[in-house]
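What follows is a short report on a single structure.
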Amino acid sequence: MSLAYLAKQNLFFQATPDYLRIGNAVFQPLDSDSGGYQKLDDRGYQVMLNYRSTNNIARQVTLTQVLSGWIAPEMIRGKVVLIGTTAPSAKDLFLTPYNLSSEKAPKPRGLSCMPRW
């Protein structure tokens, strides 16, 4: 998805055994002892993610809001839309620098699905 978007911006993807390149950005693969990791499974091609600003990353809306017509089409027109779940039963919660504050950290007994904007 991101590569299709970047191609429209004339930023193309190149992969070699030594690096990935998108436009002028070069990404070095992780080794088994990269950064603070030891004995990391370095099969495949993994790179470190450089987290940026924690402000206004993305709007979050519920399926109910979408199906009820509460979301204006202009809000999503021309944008990348990721669809997923916040249901605790999915057990798909991972800590990142974006949710380390107490109000955004995954909760063991449920998550708010309402947007915070």
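Please read all numbers here as calculations on a predicted model, not as lab measurements.
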**Report entry** Heavy-atom side-chain proximity of I22 to L3 below 4.5 angstrom
**Finding:** yes
Query raised in the report: If you look only at pairs with a residue in residues 5-27, which of them pass as a salt bridge (charged side-chain N to carboxylate O under 4.0 Å, His left out), with sequence neighbours excluded?
Result: none
Report task. Mind checking side-chain contact (heavy atoms from CB on, under 4.5 Å) for A15 and listing every partner two or more places apart, or none if nothing turns up? Result -> F13, L20
Report task. Treat each ILVMFWY residue as a node, draw an edge where side-chain heavy atoms are under 4.5 Å apart, and state whether M1 and F12 are in one component. Result -> no
Query - Whichever hydrophobic residues join L67 through chains of side-chain contacts under 4.5 Å - result: L63
Requested in this report: Taking side-chain contact (heavy atoms from CB on, under 4.5 Å) as the test, write out the residues that go with A90, two or more places apart.
Outcome: T85, D92
Query - Those residues that, when tested against S89, pass side-chain contact (heavy atoms from CB on, under 4.5 Å) (two or more places apart) - result: A87
Report task. With sequence neighbours excluded, tell me which residues meet side-chain contact (heavy atoms from CB on, under 4.5 Å) with S68. Result -> T64, W70
**Report entry** Between CD on residue Q65 and CZ on residue R59, distance to nearest 0.5 Å
**Finding:** 11.0 Å
Report summary line: Taking every heavy atom of P29 against every heavy atom of P17, the minimum-distance pair comes out as CG-O, 4.4 Å
